[in-house]
Asker: 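Could you have a look at this structure, given as C-alpha cells, before my questions?
Below, chains carry the letters A, B, ... as their sequence lines are ordered, and counting in each starts from 1.
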Amino acid sequence: MSFEDNLSQQRFDKIREIEQLGFEAYPRKFAYSYTLAEIRAAYDHVSAEQLESSKPQVTVAGRLMTKRRQGKAGFAHLQKDGERFQIYVRQDEVGERDFELYKKLDAGDIIGVEGVVFRTKTNELTVKATKLEFLSKAILPLPEKYHGLQDVETRYRQRYVDLFVNEEVRDVFVKRNLVIQALRRALDRRHYIEVETPMMQPLYGGALARPFKTHHNALDIDLYLRIAPELYLKRLVVGGLDRVYEINRNFRNEGLSMRHNPEFTMLEFYQAYSDYRDLMELSAELLRETAEATLGGSTLATFREQQIDFAHLNRLTLREALCEYWPHGGLAPTLPDLDDPGKVRSFIERHNERSESKINLTHGHTLGSMLQALFEETCETRLIQPTLIYEYPVEASPLSKQKPDDPNWVERFEIYVAGMEVANAYSELNDPQEQRRRFESQVAMRAGGDAEAHGMDEDYLRALSYGMPPTAGEGIGIDRLVMVLTNSPTIRDVILFPLLRPEGDIGMADRLRRLEAGAKSGESG
RNA sequence: GGGGCGGUAGCUCAGUCGGUAGAGCAACGGCCUUUUAAGCCGUGGGUCCUGGGUUCGAGUCCCAGCCGCCUCACCA
C-alpha cells in the first residue's frame, strides 16, 4: 500500500468508527442559525464580559481547517463562505461521545457545531461547542496549512482545493462576479435587454480568428464554436431590439498565453441610433462604475505594482498614439509622416532594427495595415492607464463604418488598460452593398492564404438588406478587465478551470476501490 | 512550434564533487481543559516525472519523451 493510500485508509476507516459512535456518515442536511460572517458582524464589538453574561446560542457549520488538541479539550477553525472562525471543544461541555468524534476529526472534514459565543484569553471570538454534528469526511489529506497549495499546475487542475485552501483565490472569483453584476446593472439601467445567441454556428464570424469545429450528428452538419456573437446581435438590432447585450463565452482556436485562453468571456452590446462617439462616453462610464463596484468605491486598481485609475479614459487617435508613444528615441513620427507610405515603411524598418520583435509585412503593404502593425508593436504594451485609441484603418475592420471624410479609415476605437486590449467598438456598417464588398475582399484574402479572414455571410447581408438603424457596438473582454481589477497577472488566475492538457490516468476510482477493500472489518477500532 | 526553467514523502521544500534519500507540516501512538504555523516524547511514510544510456555505483551526468511555468511565434 502506498503511503498516500495509507493516509487515506486511516481516514476512510474513521468513517466507520464515526458511524459506530452513532453519527451518520453522510447526513442529509444541517440547519445553521448563523453564517460565520454573521456571527462576526453581530458580536465583533461585544466585549468578553457582555458575552459571558448573555451567552448567545448559535449553530454553525463549515470545513475544519485547523485542529489543536489539548488533552480533553481543543481548538479548531471552521471555514465557510471564505470566513474562518474558531471553535472550542471541551469534553465536559460536549460529552464523551461528541468528544470522541472530535478526536477522530481530520483537517478537511465538514461538521456542524452548536454552542455559545465567547472570547478566549487572547480575545478571539469563538464558539464553545455544546454539541457536534458530523457532516462529511475528507478522505484525501489537505495541503500544508502554512504554505497552502503552491504548485500552479495542481491549483488549476484541482481548483476545488485551491479555492478552499488559498483564500485570495476565492476573492478573485467573488470580484469577478461583482464585475459582471456591475456591467449588467449598468446596461439594464440604460434599458438594454440581455439575450443569448448561438454558440454553435454554421458560419463563424464577427472577428478575425480561427474557430473550433464540431459536428451535429442528427443533422449531419459541421458547426463552429462561435468566435464572436456580433453578427447575431446585429440581426437582433435589425429585428427591433434596439439595445441588446450578451455576456458569454467566445472560442478561438489559438495559442495560450498570460492574456489568452481559448475560451474567454466577452460582453458585447449594441445600441441603435448611436455612433462610436456615443459609446466612447458610455465606455468611460461603464469602466468607472465597474471599477467602483469592484474596488469598494475607489477607481484605483493596482496591477503589477502599477496604479491604474479608471476614473479617466485618455483619448488618442491611432496616429496620435504613434507619435506620442514612439519608443525608439530619435525622431518620432509626426502626423504628416504617417500619411506617407514611404516614411511609414522607414519607421517600420527603424523599429525592426531596434527591437527583438520584427514587423512582418508579408500580409499586405497598404498604409493602413502598416500603421496598425506599427501601433500594435510599439504602443500597445505602453498604454498602461485606461486609454481609448480611435480611428482605425479599414483593412482589418470589415464590419465597421467608414469615416465620412476618408474611406480608408473607420469609426472604430479600442480601449487599452495595462498594455492589454480590453475593448473594441465601432459604428456598425449597415450598408449591405458596402458590407458585401468588404466580405468579398475578405474572401479574397482568405483565398490568398489568410486563415483568419472573414467569410461571406449571406444571411447577414439579407438582414442588413431589411435595413438596420445606425448602430454602434462594443465588446469588452471580461477576463482581462477582471485581471486588472483583481491584480491577477495571468488570465488563468481569473478563469476557474483554464484549459490544460489532460493529466492522464489519475487512478482515483481504483484507489477508492482499494480503500473499500482494505477497510477494517466490522468491529470497532 | 522555437528557447529558458522546473518536476524529490499527501503538502511546502533541502539534497554538496556521482557514494546507504532529508527537514517542517500532515499522519499514527502517548502526555496535555484558553490554543491559534500550539507544545513535549515516540513511530511510520519515497515509481526522486517516465524510458533508455554512461559508470563499480545515478535524485545528481548524457539522450529521448511526458507535464507545467516563463518567453518568442501565433493571437485585430
Side-chain angles (χ1 to χ4, degrees), chain A residues 1-11 13-14 48 65-77 84-94 99 106-108 118-124 126 128 138-158 161 165 206-210 227-228 252-262 264 318 356-358 360 363 368-369 372-373 375-376 380 389 392-393 395-400 410 412 414 420-421 424 426 450-454 475 477 489-490 492 498 500-504 511 525:
Chain A
M1 182 191 294
S2 76
F3 172 61
E4 190 185 1
D5 274 357
N6 194 28
L7 287 181
S8 293
Q9 189 76 57
Q10 289 164 353
R11 285 167 171 250
D13 289 343
K14 283 184 191 167
M65 296 304 287
T66 64
K67 191 184 167 198
R68 298 173 291 282
R69 224 190 101 199
Q70 208 170 17
K72 293 183 172 55
F75 287 91
H77 276 100
R84 279 195 188 193
F85 202 94
Q86 183 166 264
I87 61 166
Y88 179 45
V89 183
R90 298 169 55 110
Q91 188 181 50
D92 56 13
E93 296 274 354
V94 299
F99 199 71
D106 292 298
F118 79 111
R119 282 184 187 280
T120 63
K121 272 183 186 166
T122 54
N123 216 35
E124 179 167 348
T126 302
K128 185 189 291 175
I139 297 172
L140 293 174
L142 260 50
E144 203 232 9
K145 63 186 172 191
Y146 187 58
H147 297 92
L149 182 62
Q150 297 292 325
D151 183 79
V152 177
E153 184 177 350
T154 311
R155 289 185 44 216
Y156 296 145
R157 290 197 193 282
Q158 301 186 42
V161 178
V165 165
L208 306 179
R210 285 150 67 188
I227 59 174
R252 298 189 184 174
N253 207 337
E254 289 157 1
L256 293 75
S257 80
M258 290 172 80
R259 289 169 289 287
H260 300 264
N261 193 64
F264 62 98
L318 184 139
E356 302 267 319
S357 59
K358 313 291 185 204
N360 173 352
H363 268 331
S369 62
Q372 185 154 349
F375 167 77
E376 282 160 16
E380 212 175 289
I389 302 292
Y392 277 71
E395 290 89 335
S397 311
L399 302 162
S400 313
V410 295
R412 171 178 176 185
E414 294 187 341
M420 295 186 292
E421 180 195 337
N424 178 23
Y426 35 86
D450 185 346
E452 281 148 11
H454 215 286
T490 130
R492 285 180 223 99
L500 295 179
R501 216 176 273 277
E503 63 183 318
R511 281 179 62 192

Asker: In whole angstrom, give me the gap between the P atoms of rG4(B) and rA26(B).
Answerer: 41 Å
Asker: Quiz question: going by heavy-atom distance under 3.5 Å, is there a donor-acceptor pair between the base of rU34(B) and the side chain of Gln70(A)?
Answerer: no
Asker: More 5' along RNA chain B: Tyr146(A) or Ala209(A), using each one's nearest nucleotide?
Answerer: Tyr146(A)
Asker: When you compare the side chains of His147(A) and Glu144(A), does any donor N or O come within less than 3.5 Å of an acceptor on the partner?
Answerer: yes
Asker: Would you say Arg157(A) reaches rG68(B)'s phosphate, i.e. side-chain N/O to OP1/OP2 under 4.0 Å?
Answerer: yes
Asker: Round to a whole Å and report the spacing from CZ of Arg210(A) to P of rA76(B).
Answerer: 10 Å
Asker: In whole Å, measure the gap between the C1' atoms of rU20(B) and rG15(B) for me.
Answerer: 14 Å
Asker: Should the heavy atoms of other residues, nucleotides or ligands under 6.0 Å from CZ of Arg68(A) be counted, would the total exceed 12?
Answerer: yes
Asker: When you measure from the side-chain N and O atoms of Arg501(A) to the phosphate of rG68(B), is any distance below 4.0 Å, counting only OP1 and OP2?
Answerer: yes
Asker: Classify Arg84(A) by what it touches in the nucleic acid, base, sugar-phosphate, or nothing, heavy-atom distance under 4.0 Å.
Answerer: nothing
Asker: Side chains of Arg157(A) and Leu500(A): closer than 4.5 Å at any heavy-atom pair?
Answerer: yes
Asker: Nearest of rU34(B), rU35(B), rA76(B) to any side-chain atom of Tyr88(A)?
Answerer: rU34(B)
Asker: Taking atom types as modelled, is there a side-chain donor on Tyr88(A) or Glu93(A) under 3.5 Å from an acceptor on the other?
Answerer: no
Asker: When you get a sec, tell me which of rU35(B), rA76(B), rC28(B) is the closest nucleotide to the side chain of Asp106(A)?
Answerer: rC28(B)
Asker: Is any side-chain heavy atom of Asn253(A) less than 4.5 Å from a side-chain heavy atom of Pro262(A)?
Answerer: no
Asker: Quantified in whole Å, what is the P atom distance between nucleotide rU12(B) and nucleotide rU54(B)?
Answerer: 36 Å
Asker: Please classify the nucleic acid contact of Asp151(A) as base, sugar-phosphate, or nothing, using heavy-atom distances under 4.0 Å.
Answerer: sugar-phosphate
Asker: Would you mind reading off the distance between Leu142(A) atom CG and rU12(B) atom P, rounded to a whole angstrom?
Answerer: 12 Å
Asker: Go nucleotide by nucleotide along RNA chain B from the 5' end; which of Thr490(A) and Asn424(A) gets its closest nucleotide reached first?
Answerer: Thr490(A)
Asker: Would you indicate what Phe118(A) reaches in the nucleic acid, counting non-hydrogen atoms under 4.0 angstrom: base, sugar-phosphate, or nothing?
Answerer: base
Asker: I'd like the C1' distance from rC56(B) over to rU71(B), given in whole Å.
Answerer: 43 Å
Asker: It should be established whether Arg259(A) places a side-chain nitrogen or oxygen under 4.0 Å from OP1 or OP2 of nucleotide rC74(B).
Answerer: no
Asker: Base, sugar-phosphate, or nothing: which does Glu144(A) touch, judged by heavy atoms less than 4.0 Å apart?
Answerer: base
Asker: So, does Lys14(A) get its side chain near the phosphate of rC28(B), meaning an N or O under 4.0 Å from OP1 or OP2?
Answerer: yes
Asker: Which whole-number value in Å describes the distance from Gln150(A) CD to rC25(B) P?
Answerer: 17 Å
Asker: Roughly how many Å apart are rC13(B) and rC48(B), using the C1' atom of each and rounding to a whole number?
Answerer: 14 Å
Asker: Whole-Å distance between rG46(B) C1' and Leu7(A) CG?
Answerer: 13 Å
Asker: Is it true that Arg412(A) and Ser397(A) share a donor-acceptor pair across their side chains at a distance under 3.5 Å?
Answerer: yes
Asker: Answer with base, sugar-phosphate or nothing: what part of the nucleic acid does Gln86(A) contact at a heavy-atom distance below 4.0 Å?
Answerer: base
Asker: I'd like to know if His147(A) reaches the base of rC11(B) with its side chain such that a donor and an acceptor end up less than 3.5 angstrom apart.
Answerer: no
Asker: Any heavy-atom pair between the side chains of Val165(A) and Arg155(A) that's under 4.5 Å?
Answerer: no
Asker: The side chain of Met258(A) is closest to which nucleotide in this list: rA76(B), rU71(B), rU35(B)?
Answerer: rU71(B)
Asker: Can you tell me which nucleotide in rU34(B), rU33(B), rU12(B) comes closest to the side chain of Arg90(A)?
Answerer: rU33(B)
Asker: Reckon Glu452(A) touches a base, only the sugar-phosphate, or nothing at all at heavy-atom distances under 4.0 Å?
Answerer: sugar-phosphate
Asker: Can you identify which nucleotide, out of rC75(B), rG68(B), rC28(B), has its nearest atom closest to the Gln10(A) side chain?
Answerer: rC28(B)
Asker: How far, in whole Å, is rC49(B) from rU16(B) if one measures between their P atoms?
Answerer: 14 Å
Asker: Would you indicate what Gly148(A) reaches in the nucleic acid, counting non-hydrogen atoms under 4.0 angstrom: base, sugar-phosphate, or nothing?
Answerer: sugar-phosphate
Asker: Check whether any side-chain heavy atom of Glu414(A) sits under 4.5 Å from a side-chain heavy atom of Glu380(A), and report yes or no.
Answerer: no
Asker: Taking the side chain of Glu376(A) as heavy atoms from C-beta outward, which of rA76(B), rG10(B), rG68(B) is closest to it?
Answerer: rA76(B)
Asker: Give Thr66(A) one of three labels, base, sugar-phosphate or nothing, depending on what nucleic acid heavy atoms sit under 4.0 Å from its own.
Answerer: nothing
Asker: Counting side-chain heavy atoms from C-beta on, which of rA27(B), rC70(B), rA76(B) comes nearest to Glu421(A)?
Answerer: rA76(B)
Asker: Pick the P atom in rG52(B) and in rC17(B), then give their distance to the nearest Å.
Answerer: 28 Å
Asker: Is the distance from OP1 or OP2 of rC75(B) to the nearest side-chain N or O of Arg252(A) less than 4.0 Å?
Answerer: no
Asker: Of all the nucleotides listed (rC28(B), rU34(B), rU33(B)), which has the minimum atom distance to the side chain of Ala73(A)?
Answerer: rU33(B)
